[in-house]
Amino acid sequence: MSLTATDVARLAGLARIELTDAELEKLTGQLDVILDSVAVVQAAAGDDVVPTSHALDLANVFRADEVTPSLASAAVLAAAPAQEDGRFRVPHILEED
Amino acid sequence: MAALHELTATQLAEAFRSGEASSVEATQACLDRIAAVDGAIHAFLHVDADRALATAAAVDRRRAAGEPLGPLAGVPIAVKDAFTYEGAPTTCGSRILEGWIPPYTATVVQRVLDAGMVVLGKTNMDEFAMGSSTENSGFGPTRNPVDPERIPGGSGGGSAAAVAAGEAPLALGSDTGGSIRQPAAVTGTVGAKPTYGGTSRYGLVAMASSLDQPGPCGRTVLDTALLHAVIGGHDERDSTSIDAPVPPVVEAAQSGDVRGLRIGVVRELGGEGYAPGVEQRFHEAVERLRGEGAELHEVSCPHFGLALAAYYLIMPSEASSNLARFDSIRYGLRVGDDGANSVEQVMRLTRGQGFGAEVKRRVILGTYALSSGYYEAYYGSAQKVRTLIGEDFARAFEAVDVLVSPTCPTTAWKLGERVDDPLAMYKADLCTIPVNLAGNCAASFPAGLAPEDGLPVGFQVIAPVLADDRLYRVGAALERVLGNQGGAR
């Protein structure tokens, strides 16, 4: 299959990445070539092969349920692009009428 | 005695113990070296001179007071900018994190500090560790100290270049598909990717969590092993950290005894696409190991040819998810917050402006591979290939103790040569990727210079899970017969 600029624009939207028209055009061509070359994996393994999501066979790890110190909120907020009243300030979430 | 910045970590440590030199003197020598050459090399994104000198002075005082100190106490080190270090800017090579000062320190950096080592600063890298040349850094490329017209490898080109140029005797790197080993190969230095879970990922900015692994970079095998021992071992802050002792890497580096060791040459990692000089130096090194008493075998890993394709689905998929955290809310860049734009528009504008081309390419590729309707065909199939590659390794390690191959199919190429051809760039990691997919360990050691261009060739050694010591055993044998003295360029 071949990827169109409309597909890439939709994917960029899902990934929350604004692209210029020039970027969109260049990326569409490049992604198409990359997808074409990685498609070999599709024919490589049959239904009998179990997928591996992780190299280590690990179980989840739990620690004791004890209160331990965490980062001071002032130290964390110091890195925020915008803050107000000890909280992260975010752009508006709901569209205004 | 050679100039302090030219000494290996082992030689520096000995000079500190004998009183021939102090940590402050060695640290100052590295800072002077950085001031002299880094304008041309650009290995560093941030030099932490004041804190480095203060740390060095503190170690010198402790030594004078007779306190017991670790083997690398007082030795300077450079840290890849992918690791957090409280109080120092951490960008991961991205404009989206420009100016971010993390409020906490990565475990491997903390262990280096606890060992009394002196952190000189943060090194340049491809943005979010995505690349094989350091040209994808948001802050300009690093140049190869061997030949400044050429790339130093990537993503950890800054750490490898800093070590090769004598700006630091040791450095920390991280390896997702070859980002420690390939830069080591093309700069003529040593770099190891430990067994997955052997070093903590806490405080490493995540690219692909099931593949990322911190590791050591150095100019000699023993130096690199000493650093491996400092940073390795269980960390309760990383849920994938293995609760087992660090393999005896230092003893292995000191021994270099390969008599009776079964070495498997991977048939699939050679031939078409490999530079003649790379193959020549690789095969000569293999013969030298036979001369040292190793047993040679040819081994086939039939699914390695699929590793690159599987990697370029799994890695972007994990990265697209991991990089969702750069959303302009809690840290980093925020663009277009004018009161009119919604949070979603601000996120789009921020990520559009803050991310470079390769990051956008991989995040969008990963978004596609994980999207409904394509998930099974792409991500699901790649995960099955991952199983097949793990089985190839398991079969191979029934017959041999280690596998060997060139680290990179070519020597260092010229800056700009592959920037517009992502597939050509990706092929630099052909030999290193299978190890990340399977989770075992590997290292790159210098194997001399390719006759056709005079550039360094890397020799990759691959060992099973938690047999990291075998890497250093073979590396030390190579160093002994090929004569690497750990000289800085």
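Every chain is numbered from 1, with letters handed out A, B, ... down the list of sequences. Keep in mind that this is a model prediction, so the values were computed, not measured.
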Mind listing the side-chain donor-acceptor pairs of residues 347-365 of chain B below 3.5 Å, one per line with the distance, residues two or more places apart or on another chain?
{"unit_1": "B/R348", "atom_1": "NE", "unit_2": "A/E18", "atom_2": "OE1", "d": "2.9"}
{"unit_1": "B/R348", "atom_1": "NH2", "unit_2": "A/E18", "atom_2": "OE1", "d": "3.4"}
{"unit_1": "B/T350", "atom_1": "OG1", "unit_2": "B/V335", "atom_2": "N", "d": "2.9"}
{"unit_1": "B/T350", "atom_1": "OG1", "unit_2": "B/V346", "atom_2": "O", "d": "2.7"}
{"unit_1": "B/R351", "atom_1": "NE", "unit_2": "A/A15", "atom_2": "O", "d": "3.1"}
{"unit_1": "B/R351", "atom_1": "NE", "unit_2": "A/R16", "atom_2": "O", "d": "3.1"}
{"unit_1": "B/R351", "atom_1": "NH1", "unit_2": "B/L323", "atom_2": "O", "d": "2.8"}
{"unit_1": "B/R351", "atom_1": "NH1", "unit_2": "B/F326", "atom_2": "O", "d": "3.0"}
{"unit_1": "B/R351", "atom_1": "NH2", "unit_2": "A/A15", "atom_2": "O", "d": "3.0"}
{"unit_1": "B/E358", "atom_1": "OE1", "unit_2": "B/R361", "atom_2": "NE", "d": "3.0"}
{"unit_1": "B/E358", "atom_1": "OE1", "unit_2": "B/R361", "atom_2": "NH2", "d": "2.4"}
{"unit_1": "B/E358", "atom_1": "OE2", "unit_2": "B/R362", "atom_2": "NE", "d": "2.6"}
{"unit_1": "B/E358", "atom_1": "OE2", "unit_2": "B/R362", "atom_2": "NH2", "d": "3.2"}
{"unit_1": "B/E358", "atom_1": "OE2", "unit_2": "B/Y426", "atom_2": "OH", "d": "2.8"}
{"unit_1": "B/K360", "atom_1": "NZ", "unit_2": "A/E23", "atom_2": "OE2", "d": "2.5"}
{"unit_1": "B/K360", "atom_1": "NZ", "unit_2": "B/G352", "atom_2": "O", "d": "2.7"}
{"unit_1": "B/R361", "atom_1": "NH1", "unit_2": "A/Q30", "atom_2": "OE1", "d": "2.7"}
{"unit_1": "B/R362", "atom_1": "NH2", "unit_2": "B/Y312", "atom_2": "OH", "d": "3.4"}

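Remark: B/Y104 OH to A/S70 OG distance equals 14.0 Å, nearest 0.5 Å.
B/S328 approaches A/P81 most closely through the heavy-atom pair O-CG, 3.2 Å. Smallest separation of non-hydrogen atoms from A/S53 and B/R386: O-NH1, 3.3 Å. Closest heavy-atom contact between B/T240 and A/H54: CG2-NE2, 3.8 Å.
Each of A/A82, A/G46, A/A72, A/A55 has some count of heavy-atom pairs under 4.5 Å with chain B, and the biggest count is that of A/A55. Ranking B/E376, B/E318, B/R330, B/E236 against chain A, the residue ahead of the rest is B/R330, based on heavy-atom pairs under 4.5 Å. When the candidates B/G332, B/S209, B/G197, B/G439 are compared by the number of heavy-atom contacts under 4.5 Å with chain A, B/G332 comes out ahead. Annotation: maximal heavy-atom pairing with chain B below 4.5 Å, among A/K26, A/R89, A/Q83, A/Q42, occurs at A/Q42. Note on B/P102, B/G336, B/G99, B/S210: by heavy-atom pairs under 4.5 Å with chain A, the leading option is B/S210. Counting heavy-atom pairs closer than 4.5 Å to chain A, the top residue among B/A369, B/S342, B/G390 is B/S342.
With a 4.5 angstrom heavy-atom cutoff, B/S320 does not touch chain A via any of its atoms. Heavy-atom distances place both the backbone and the side chain of B/A377 under 4.5 Å from chain A. Proximity to chain B (any heavy atom under 4.5 Å) is shown, for A/D47, by both the backbone and the side chain. Proximity to chain B is limited to the side chain of A/L19, based on heavy atoms less than 4.5 angstrom apart. For a residue to count as touching a neighbouring chain, one of its non-hydrogen atoms must lie under 4.5 Å from one of that chain's; by this rule A/L71 touches chain B with the side chain only. Only the backbone of B/L437 comes within contact range of chain A, judged by heavy atoms closer than 4.5 Å. Only the side chain of B/D337 comes within contact range of chain A, with at least one heavy atom under 4.5 Å from a heavy atom of that chain. With a threshold of 4.5 angstrom between heavy atoms, A/L11 approaches chain B through its backbone and through its side chain. In this structure, the portion of A/V50 lying under 4.5 Å from any heavy atom of chain B is its backbone and not its side chain. B/D420 touches chain A through backbone and side chain together, each having a heavy atom under 4.5 Å away. Residue contact with chain B, scored on non-hydrogen atoms closer than 4.5 Å, involves the backbone and the side chain of A/V38 alike. With a 4.5 Å cut-off on non-hydrogen atoms, B/I329 touches chain A through its backbone and its side chain both.
The shortest side-chain heavy-atom distance between A/R10 and B/T367 does not fall under the 4.5 Å cut-off. Using a 4.5 Å heavy-atom threshold, the side chains of B/P422 and A/I34 count as touching. Side chains of A/D7 and B/Y368 form no contact here, defined as non-hydrogen atoms less than 4.5 Å apart.
Heavy-atom neighbours of chain A within the stretch residues 301-311 of chain B, taken at a separation under 4.5 angstrom, comprise B/L306, B/A309, B/A310.
A/P91 pairs with exactly one of B/R334, B/E344, B/Q345 by the side-chain contact (heavy atoms from CB on, under 4.5 Å) rule, that one being B/R334.
Atom CZ of B/R237 sits in a sparse spot, with 12 or fewer heavy atoms from other residues, nucleotides or ligands closer than 6.0 Å. In this structure, B/D338 places its CG atom where more than 12 heavy-atom neighbours from other residues, nucleotides or ligands lie under 6.0 Å away.
Judged by distance alone, with hydrogens and angles left aside, the side-chain atoms of B/T387 form a donor-acceptor pair with the main-chain N or O of A/T52 at under 3.5 Å.
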